[in-house]
Number of protein chains: 2
Amino acid sequence: MARITGSNGERTAAAIRRAALRLIHRHGFAAMNLRELAAGVGIQPGSLYNHITTKQGLLFDLMQEHMTTLLAETDAALAAAGPALIDRLRGFIAHHVLYHLERKQEVYIANFELRALDPPNAACILAMRRAYEDRLIALLEEGVAEGTLAMSDVRVTAYAMLAMLTGVCTWYRPGGRLGRAEIVALHVDLALDGIRRR
Amino acid sequence: MARITGSNGERTAAAIRRAALRLIHRHGFAAMNLRELAAGVGIQPGSLYNHITTKQGLLFDLMQEHMTTLLAETDAALAAAGPALIDRLRGFIAHHVLYHLERKQEVYIANFELRALDPPNAACILAMRRAYEDRLIALLEEGVAEGTLAMSDVRVTAYAMLAMLTGVCTWYRPGGRLGRAEIVALHVDLALDGIRRR
DNA sequence: GCTCTAAACTAACATACGTTTGTTTTCTCA
DNA sequence: TGAGAAAACAAACGTATGTTAGTTTAGAGC
C-alpha cells in the first residue's frame with residue numbers, strides 16, 4: 001500500500017497537531033513517542049515526516065502558534081475594553097483566564113515544556129512570553145502611577161498574578177461544578193481585592 | 001576495580017537524591033537518564049541499583065519525602081502562629097512561600113512530575129497533596145464563617161492561591177533583586193488584599 | 001490522458017536507555 | 001582475624017526511539 005484514498009495533507013497535518021497536543025499534555029514531550037503519535041493519527045511513524053521536520057520542530061511549531069495567538073487575542077481584548085485602566089486590567093485578567101480555560105493543552109505545554117526546546121527555539125518562545133508579561137506589567141505600572149493600584153513590586157506581583165491566573169489549566173475540567181463565567185469573575189475579584197473582607 | 005576505598009552507602013544514596021533532584025528539575029523525569037545521573041554522582045550506571053529500586057521508585061521516594069516534610073513543617077508553622085484565624089492564615093502563606101523559595105527543585109518536581117508516576121504511586125502522592133490543600137481550605141472556611149474573609153468559592157480560591165504562591169519556584173533565583181522576606185511579605189499582602197488600593 | 005507532486009507505506013538503521021548479571025574489593029563486627 | 005554484607009565495577013541484554021530510505025499509489029494541472 002502507499003498513498004491512501006481520500007488522504008489530504010492539510011487534514012493530516014491538523015490531526016497530527018491535535019494528537020500531539022493531547023499526548024504532550026498527557027505524558028510530557030520527552031515521554032511522548034512518535035509511534036504513539038502516528039497511531040493516534042492513524043498513519044505509520046515514517047509518514048509523520050511528510051508533515052513535520054523533527055519531533056523538536058513539531059513542539060516549537062505548536063508553542064509558537066500558541067504564543068502568537070495569545071498575544072494577538074490579548075491585544076484585541078485590551079483594545080475592546082473601556083479606556084479606564086481598571087477596565088483594561090479586568091479585560092486582561094478575564095481574557096487570560098478564559099483563554100486558559102479554553103486551551104488548557106496549549107497553555108500547559110507552552111508553560112511547562114520550555115526546557116524541552118533547543119536553546120535557540122527556547123529563546124524565541126521566551127521572548128514572546130516576556131512580551132506577554134510586559135502587557136500586564138505596563139498595566140500595573142499605569143495603575144500605580146495614577147494611584148488606583150498599590151503593590152510593593154510590580155514585576156514580582158505580575159509574576160504572582162500570572163501564576164495564579166494560569167493555575168486554572170491544571171485543575172479545570174469542562175462541565176465541572178463552576179461555570180466559566182464564575183471562574184473568570186472569581187479570579188478577577190481575587191486579583192483585585194484578595195480574600196479579606198472589606 | 002570494585003568497591004571503592006572510602007565508599008559509603010548513606011553518602012552515596014544522599015548524593016544520588018541530590019543529583020536526581022537537580023537533573024529532574026532541569027530536564028524533567030522522562031528526559032533524565034540514569035547514565036547522566038550516575039555520572040553526576042561519580043559511579044557506574046549499574047551501581048545506582050545498590051541504592052534505588054527502579055527509576056520510577058526513585059522519583060516516588062523523592063516526592064514522598066518532600067510531601068511528608070511539607071505537611072509536617074506546615075503543621076508546625078500553624079501551631080506556632082497566634083490563635084487568631086488571620087495569624088494562622090498569614091503563617092500558612094508565609095511558610096508556603098518560604099518553603100517554596102528554599103526548595104524549588106523538590107517543589108517543582110512534586111508539582112509537575114505527577115504524571116510520570118505509576119497510577120498507584122500517583123494516587124499516594126495525590127492524597128498527600130489533597131491533605132495539604134485541605135489545610136488551606138479549612139482556614140478559608142473558618143475565615144468565611146467568622147466573617148473575616150469573603151470569596152465566592154472556597155475550593156477554587158484555594159487552588160488559585162496555591163497556584164500563585166507556588167509560582168515563586170518557577171522564577172526565583174537566590175541573590176536576586178528582592179530578598180526572601182520581601183517576597184514572602186508581597187505574597188501575603190497580595191493574597192489577602194489584592195492589588196487595588198484601599 | 002499524462003505527468004508531476006503529495007502523501008502514504010514498509011523496512012530498517014543507529015543509538016540510547018533501563019536494567020540485570022557476575023565479579024571484585026572494602027568494610028564491619030563477632 | 002576471618003566471614004558475611006555492602007558497595008562498587010565491567011559488560012551486556014533487550015527493547016524503544018527518532019529518523020531515513022526507497023517504494024507505491026492517489027490527486028491535481030496542463
Side-chain angles (χ1 to χ4, degrees), chain A residues 1-24 26-63 109 113 115-119 121, chain B residues 1-24 26-63 109 113 115-119 121:
Chain A
M1 268 182 285
R3 182 166 183 174
I4 293 303
T5 308
S7 71
N8 174 293
E10 260 183 67
R11 185 150 26 92
T12 303
I16 290 173
R17 286 202 300 275
R18 212 177 322 122
L21 285 175
R22 196 185 71 238
L23 290 174
I24 298 174
R26 185 181 308 165
H27 302 125
F29 176 72
M32 174 201 75
N33 68 75
L34 296 186
R35 280 168 176 77
E36 195 180 355
L37 175 61
V41 178
I43 60 177
Q44 294 300 310
S47 305
L48 290 172
Y49 286 83
N50 288 313
H51 307 279
I52 68 173
T53 57
T54 60
K55 190 189 178 193
Q56 168 74 206
L58 169 61
L59 176 63
F60 178 64
D61 285 348
L62 291 173
M63 286 185 149
I109 292 169
E113 295 293 358
R115 62 183 168 191
L117 286 177
D118 291 338
N121 289 345
Chain B
M1 266 182 286
R3 181 166 184 173
I4 292 303
T5 307
S7 71
N8 174 293
E10 260 183 67
R11 186 151 26 90
T12 302
I16 290 173
R17 286 202 300 275
R18 212 177 321 122
L21 285 174
R22 198 185 70 240
L23 289 174
I24 298 174
R26 185 180 309 164
H27 302 126
F29 176 72
M32 174 200 74
N33 68 75
L34 296 186
R35 282 168 176 78
E36 194 180 356
L37 175 61
V41 177
I43 60 178
Q44 295 300 310
S47 305
L48 290 171
Y49 286 83
N50 289 313
H51 308 277
I52 67 173
T53 57
T54 59
K55 190 189 179 193
Q56 168 74 205
L58 170 61
L59 176 63
F60 177 63
D61 285 347
L62 291 174
M63 286 186 147
I109 293 168
E113 295 293 358
R115 62 182 169 191
L117 287 176
D118 290 340
N121 290 343

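Order of the sequence lines fixes the chain letters, A, B, ..., with proteins taken first and strands second; residue numbering starts at 1 for each chain. Just so it is clear, the values below take in all heavy atoms, side chains as well, and ignore hydrogens, waters and symmetry mates.
- For A/Lys55 and D/dG18, the NZ to C1' distance is 8 Å, given to the nearest whole Å.
- Of the inter-residue distances, the one linking B/Met32 atom CE with B/Arg22 atom CZ reads 11.0 Å to the nearest 0.5 angstrom.
- Between C/dA7 and A/Ser47, no contact under 4.0 Å exists linking OP1 or OP2 to a side-chain N or O.
- In this structure, CG of B/Leu58 is placed 14 Å from C1' of C/dT19, rounded to the nearest angstrom.
- Taking only distance into account, the side chain of B/Asn50 meets the base of D/dA8 through a donor-acceptor pair shorter than 3.5 Å.
- Protein atom CD of B/Glu10 is 12 Å distant from nucleotide atom P of D/dA8, rounded to whole Å.
- The distance between atom OH of B/Tyr49 and atom C1' of C/dT23, rounded to the nearest whole Å, is 19 Å.
- Separating the CE atom in A/Met63 from the CD1 atom in A/Ile24 is a distance of 8.0 Å, to the nearest 0.5 Å.
- If you check C/dT19, D/dT19, C/dA8 against the side chain of B/Pro45, the one that comes closest is C/dT19.
- Between the side chain of B/Glu113 and the backbone N or O of B/Phe60 there is no donor-acceptor pair closer than 3.5 Å.
- We find that CD of A/Gln56 is positioned 16 Å from C1' of D/dT17, with the value rounded to whole Å.
- With rounding to whole Å, B/Ile43 atom CD1 is found 17 Å from C/dT26 atom P.
- Between the C1' atom of C/dT20 and the CD1 atom of B/Ile52 lies a distance of 13 Å, rounded to the nearest Å.
- Interatomic distance, B/Phe29 CZ to B/Leu117 CG, rounded to the nearest 0.5 Å: 7.5 Å.
- Note on A/Thr12: a side-chain N or O is less than 4.0 Å away from OP1 or OP2 of C/dA8.
- Rounded to the nearest 0.5 Å, atoms CG (A/Leu59) and CD1 (A/Ile52) are 11.0 Å apart.
- B/Gln44 comes within 4.0 angstrom of the backbone, heavy atoms only, and of no base.
- Here B/Leu23 contributes atom CG and B/Arg18 contributes atom CZ; the two are 12.0 Å apart, rounded to the nearest 0.5 Å.
- Near DNA chain C, meaning a heavy atom under 4.0 Å from it, residues 27-36 of chain B has B/Met32, B/Asn33, B/Leu34, B/Arg35 in order of number.
- Contact annotation: A/His51 side-chain N/O to C/dA8 OP1/OP2 distance is under 4.0 Å.
- Spacing between atom CG of A/Leu48 and atom P of C/dA6 amounts to 18 Å, rounded to whole angstrom units.
- Of the two residues near DNA chain D, B/Gly46 and A/Gly46, the one whose nearest nucleotide lies more 5' is B/Gly46.
- The shortest heavy-atom contact between B/Lys55 and B/Ala30 is NZ-O, 3.7 Å.
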